[in-house]
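All of these numbers come straight from a predicted model, not from anything done at the bench.
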Amino acid sequence: MKKSFQIGSAIIGIIVGAGFASGQEILQFFSSFGYFGITGSILAAILFAFLGMNLTQLGSVYKLLLTRM
């Protein structure tokens, strides 16, 4: 459980820290498109979750996780 939390926190930190946006910027961007923006934000969240899941599965298969985490 602890390692899962660390991996999840690292992925969130990479996405937000790499310049995706802060919460306020996300709200302003997606809300400016109305209902299409809400749909887009839900789609973006699903895609980020899917990408994160696939990347952690690949890391597990190929033993790419650091042992010092």
Side-chain angles (χ1 to χ4, degrees):
M1 177 77 172
K2 182 180 176 184
K3 194 164 281 272
S4 298
F5 183 73
Q6 288 176 336
I7 293 170
S9 297
I11 291 171
I12 291 171
I14 289 168
I15 291 170
V16 174
F20 177 65
S22 68
Q24 183 65 30
E25 291 167 336
I26 292 170
L27 177 67
Q28 288 177 357
F29 177 78
F30 284 113
S31 65
S32 67
F33 294 104
Y35 289 114
F36 290 118
I38 294 170
T39 305
S41 65
I42 293 170
L43 180 63
I46 291 169
L47 288 174
F48 277 128
F50 181 74
L51 178 66
M53 180 183 67
N54 284 330
L55 288 175
T56 53
Q57 284 178 348
L58 281 173
S60 177
V61 167
Y62 293 111
K63 310 283 190 239
L64 296 175
L65 296 177
L66 298 174
T67 57
R68 295 182 186 172
M69 284 182 93

* Nearest heavy-atom neighbours spanning F33 and F29 ->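 Heavy-atom minimum between the residues: CD1-O, 3.2 Å.
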
* Asked: Should side-chain heavy atoms under 4.5 Å link Ile, Leu, Val, Met, Phe, Trp and Tyr, which residues sit in the same cluster as L51?
  ->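 Members other than L51 - counting any ILVMFWY side chain reachable under 4.5 Å - are L55.
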
* Asked: Once you round to the nearest 0.5 Å, how far does CZ of F30 lie from CD1 of I42?
  ->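 That separation rounds to 10.5 Å.
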
* To do: With sequence neighbours excluded, tell me which residues meet side-chain contact (heavy atoms from CB on, under 4.5 Å) with Y35.
  => I38

